[in-house]
There are 2 protein chains.
Amino acid sequence: MEQKRADKIADALEGLIFDGTFADGTRLDEVQLAEQFSVSRTPVREALQRLAQFGLVEHLPRRGVFVRQPGPVELIEMFEVMAELESVCARLAASRITDKALAELQATNARCDLAVERQDPDEYYRENERFHAILYCQSGNAFLEQECHKLHRRLQPFRRTQLRLRGRLRQSMSEHEAVVSALEDGDGARAAEAIRAHVAVQGEKFHHLIASLKPAAE
Amino acid sequence: MEQKRADKIADALEGLIFDGTFADGTRLDEVQLAEQFSVSRTPVREALQRLAQFGLVEHLPRRGVFVRQPGPVELIEMFEVMAELESVCARLAASRITDKALAELQATNARCDLAVERQDPDEYYRENERFHAILYCQSGNAFLEQECHKLHRRLQPFRRTQLRLRGRLRQSMSEHEAVVSALEDGDGARAAEAIRAHVAVQGEKFHHLIASLKPAAE
DNA sequence: AAATTTATTCTTGTATACAAAAAAATTGAC
DNA sequence: GTCAATTTTTTTGTATACAAGAATAAATTT
């Protein structure tokens with residue numbers, strides 16, 4: 001499991017874009033990054049190409065690569081797709097999920113509950129991730145699972161801010177329970193609707209998401 | 001819009017993988033491809049990395065890149081996801097589609113009909129592509145549209161063989177009409193179900209798909 | 001003769017060198 | 001002084017050179 005230098009650079013750059021070090025529209029200079037990472041331009045270029053494929057940067061031929069933060073509209077769209085993908089997972093999982101996975105889902109949810117009691121957002125975050133990962137897996141469709149993980153990862157920085165909303169943790173919990181309940185009953189339609197409502201950006205969440213974007217948009 | 005050499009090489013390699021010139025498991029030698037395309041290793045490597053991101057080849061560190069044709073299971077999974085994505089498009093389009101787009105959808109379908117009459121599979125193929133493209137666009141979600149196009153493109157070589165099934169063209173046509181009819185009524189659920197049934201691999205299509213894979217699998 | 005270890009070769013990953021294109025700057029004209 | 005044109009400089013894209021790891025072949029040992 002030897003990771004190439006290019007991979008590590010790509011990960012590092014992804015982090016720097018996520019945490020706002022590189023604002024939207026910033027040009028990423030190859031030679032500058034190269035000496036910053038103490039490597040040649042070659043691995044830097046590889047990393048940038050990977051980021052371009054992931055949509056984090058835009059590569060204009062003969063012009064350079066520029067950070068491409070999603071705007072409000074694109075973000076809403078991505079969350080809509082995420083909601084629909086997870087909805088599909090839930091519907092498929094309703095008939096395909098194993099007893100063991102269902103038990104693990106309940107256990108994960110219980111740990112979420114504990115995290116809410118302890119007011120531990122980080123722990124909640126971890127268990128929440130696990131909850132969704134199980135759902136993806138239990139769709140029984142490995143390709144769908146992969147696609148979900150990709151988009152999930154892409155939306156990660158925006159979802160973290162969402163969890164800081166007052167009372168959001170408890171509400172998120174009850175939404176999880178609705179999903180589990182529907183899965184227990186093998187009710188695909190209900191499970192799909194429950195997870196869609198959980199993931200979709202609507203109501204308060206919408207305003208909070210837009211507000212969190214303001215600094216970067218300026 | 002000057003296309004880099006690497007882009008052209010990526011496209012060419014994609015074609016060579018699609019048409020079976022490079023069978024599953026084949027190692028793609030950098031220097032060999034480089035002299036074959038009369039370029040250096042650099043653009044070849046860029047092209048290979050792009051193909052790896054698209055999932056057409058697998059890149060084992062320090063080992064090389066190998067053609068990775070999807071097996072039967074993965075193919076079924078991809079078609080399932082495609083069906084669900086298009087289903088989402090249809091559901092969203094039902095409430096978002098413009099009158100003009102609906103008219104164009106009907107016109108496209110009429111041209112499909114003509115192509116069936118003339119027994120012109122190529123013409124049908126083109127108009128069929130257009131039908132789906134309109135649907136993606138009318139979801140009103142540009143991100144979803146992009147994702148649909150990506151997967152659609154990936155599945156292209158496998159879908160072409162499907163259209164050669166006896167009587168498949170006419171059946172495909174009537175399925176299109178069911179989608180349009182539902183969209184005319186603004187019935188999202190019915191439109192979603194219609195397009196899902198249209199795209200999903202089931203019944204005869206399943207056997208034909210598996211059969212078409214046999215040569216490559218050997 | 002079989003196996004293990006060592007040496008050689010081959011291939012990938014990285015660095016550097018070069019070429020072409022775009023951006024910037026300087027010079028010239030009005 | 002401003003605008004345009006040409007030159008300079010910077011930067012990307014490509015080629016080549018080098019280094020390190022993996023596969024293979026050879027040789028020595030058991």
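A note on names: the letters A, B, ... follow the listed sequences, proteins ahead of strands, and every chain is numbered from 1.
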Protein-to-nucleotide contact annotation, 5' to 3' order, nucleotides 8-13 of chain D [B base; S sugar-phosphate only; - none; under 4.0 Å, heavy atom]: ---SBB

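Taking side-chain N and O atoms only, A:Thr42 has no distance below 4.0 Å to OP1 or OP2 of C:dT14.
Distance alone, capped at 3.5 Å, is enough to place a donor-acceptor pair between the A:Gln138 side chain and the A:Thr98 backbone.
For B:Arg154, the side chain to side chain donor-acceptor pair (under 3.5 Å) criterion is met by no residue, not counting sequence neighbours. Remark: B:Leu169 pairs with B:Val116, B:Tyr124, B:Leu163 by the side chain to side chain contact (heavy atoms under 4.5 Å, CB included) rule, at least two apart or across chains.
Between the side chains of A:Asn141 and A:Ser139, not a single donor N or O lies within less than 3.5 Å of an accepting N or O.
A salt bridge links B:Arg126 with B:Glu123: the closest approach of a Lys/Arg side-chain nitrogen to an acidic carboxylate oxygen falls below 4.0 angstrom.
Across the protein-nucleic acid pair, A:Gln49 atom CD and C:dT14 atom P stand 13 Å apart, rounded to whole Å.
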